[in-house]
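All heavy atoms count here, side chains included; hydrogens, waters and symmetry mates do not.
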Amino acid sequence: MAWFKGLLFGGILLAMCGGLSEGQKKKEMVLSEKVGQLMDWASKRPVIHMNGDKFRRLIKSPPRNYSVVVMFTALQTHRQCVVCKQADEEYQILANSWRYSSAFTNRIFFAMVDFDEGSDVFQMLNMNSAPTFIHFPPKGKSKRGDTYELQVRGFAAEQLARWVADRTDVNIRVIRPPNYAGPLMLGLLLAVIGGLVYLRRSNLDFLCNKTGWALAALCFVLAMTSGQMWNHIRGPPYAHKNPHTNQVNYIHGSSQAQFVAETHIVLLFNGAVTLGMVLLHEAATSDLDVGKRKIMCIAGITLVVIFFSWLLSVFRSKYHGYPYSFLMT
C-alpha cells in the first residue's frame, strides 16, 4: 500500500505540473499574439489608433510585458481642440523617432485613443480633459508619475521623450523633419537689412538713431519679460479647451506654467503700461502747448492705471493668496 500511495501522490504532482505548464503555455501564446499584433500595427503606423475593445484587450488585460504610452485626445473637427492637434504633431514626431531608430524594440509602444472612437475608455478612466498622456507599465497599475504633466512641461517631443525615459528607461533621440522656415526668414531679414544699408550707403547716420535702437531694445525686453523664451523651451499649448464644457482658458491657473496666449496678453499689458509712462514723460518735458500736454498726461495715467490693474489681476489669479489688488480683483 505504501508504494501505491507514493505512486498516487506522484501522479497528482505530475498532473498539477502539467496543468501549470499548460496554463503557462497558454499565457505565453496570448502574450506572443499581442506583441505580434502590436509590432505589425507599429510597422505600418508608429502611433497605434485604439478603440475601447483594443484598449481593454491589449493594454488593460494581462498578460503584458511591454509598456504603452497612450495619448487621449479629441482630434475631430467639431471638437475644435486646437491644443489636441498641436500635441498630436509632437507626439507623432516622438513615435516616429522611436519607430525608425536603431534601438527600436517591443519594450514600448505608442498609442492613441480619440474621444469619438473610445468615449467608453474616457469614462472608464474618469477622464474629462484632452489631450492627456498616460504611461501603462508592463506590470501593475499606473502610478501618479505615469500621467504626464502637460500644463507644466508642455507637449514638445523632447519633453515627452524625457518623461518616457524617466518612466521606462527607454531613451529616445527626437529627430525632427527639416524645417527651412527659420533659415529662410533669417536670410530674408539679413537681405532686407543689407539692401537698406546699401541704398543708404552715402548716409549711414540712421544707424546712430537713438529712437530706433531704443524701440528695438524695448521690443526685445517686452518679449523676454512676457515669457517668450519659456514658450520656446517648454513648448506649452496656446490655450486649453475643455472638450466637455468647451470653455477656453487663456490664463494658466498655476504659477508653475503658462499658455502661449497668456504671454501675448502679458506682452500687451506691459506694452500699454510702458506707452503710458512714455506719454507721462513727454507731457512733463515736451515743448508742446498746455492743452496737448494735458491730453497726453490724462492718456498716460489712464493707460498705466487700467493696464497695471489688469496685469496685477492676472498675477493674483496665478499666485493664489496674493493679498494686494488695484481697481480690479
In this structure, are over 12 heavy atoms from other groups packed under 6.0 Å from [X] atom [atom1]?
X	atom1	value
Met39	CE	yes
Met29	CE	no
Tyr250	OH	no
Gln76	CD	yes

Sequence-distant partners of Lys143, salt bridge (Lys or Arg N to Asp or Glu O under 4.0 Å), two or more places apart: none

Is there a path of hydrophobic side-chain contacts, each under 4.5 Å between heavy atoms, that joins [X] and [Y]?
X	Y	answer
Met127	Leu150	yes
Phe259	Val248	no
Ile48	Ile134	yes
Leu303	Ile265	yes
Leu222	Trp213	no

Stepwise side chain to side chain contact (heavy atoms under 4.5 Å, CB included) test for His281 and Met296: CA-CA 9 Å; His281 177 268; Met296 293 174 65; over 6 Å; no

Working for side chain to side chain contact (heavy atoms under 4.5 Å, CB included), residues Leu75 and Met112: CA-CA 11 Å; Leu75 292 175; Met112 174 190 299; 3.8 Å; yes

Sorted by first residue and then second, give each disulfide bond (SG atoms under 2.5 Å apart) pair with at least one member in [range]; sequence neighbours left out.
range	value
residues 39-147	Cys81-Cys84
residues 93-177	none
residues 111-152	none

Nearest 0.5 Å, please: how far is [atom2] in [Y] from [atom1] in [X]?
X	Y	atom1	atom2	result
Ile301	Met277	CD1	CE	10.5 Å
Thr73	Arg79	OG1	CZ	11.0 Å
Ile172	Leu94	CD1	CG	4.5 Å
Ser67	Phe109	OG	CZ	10.0 Å
Thr302	Phe307	OG1	CZ	10.5 Å
Asn270	Thr263	CG	OG1	11.0 Å

Pairwise side chain to side chain donor-acceptor pair (under 3.5 Å) hits with a residue in residues 153-169, at least two apart: Asp146-Arg167, Glu158-Arg176

State, yes or no, whether a side-chain contact exists between [X] and [Y] at a heavy-atom distance under 4.5 Å.
X	Y	answer
Lys34	Ser61	yes
Leu189	Met185	no
Asn106	Leu38	no
Val266	Gln258	no
Val273	Phe308	yes
Asp40	Ser43	yes
Leu58	Trp41	yes

Please name the pair of heavy atoms, one in [X] and one in [Y], separated by the smallest distance, quoted to 0.1 Å.
X	Y	answer
Phe122	Ser129	CE2-O, 4.4 Å
Ala157	Ile93	CB-CG2, 4.1 Å
Leu279	Ala299	CD1-CB, 4.1 Å
Phe55	Val70	CE1-CG2, 4.5 Å
Tyr91	Ala111	OH-O, 2.9 Å
Trp98	Ala103	CH2-O, 3.2 Å

Working for side chain to side chain contact (heavy atoms under 4.5 Å, CB included), residues Val69 and Tyr148: CA-CA 10 Å; Val69 176; Tyr148 182 70; over 6 Å; no

Polar side-chain atom of Ser286 near backbone of Ala283 as donor-acceptor pair, under 3.5 Å: no

Donor-acceptor under 3.5 Å (Ser97 side chain, Ile175 main chain): yes

Pairs flagged by salt bridge (Lys or Arg N to Asp or Glu O under 4.0 Å) wherever residues 53-71 is involved - sequence neighbours left out: Asp53-Arg56, Arg56-Asp120

Worked verdict on Asp88 versus Met71 for side chain to side chain contact (heavy atoms under 4.5 Å, CB included): CA-CA 8 Å; Asp88 177 61; Met71 175 185 177; 4.1 Å; yes

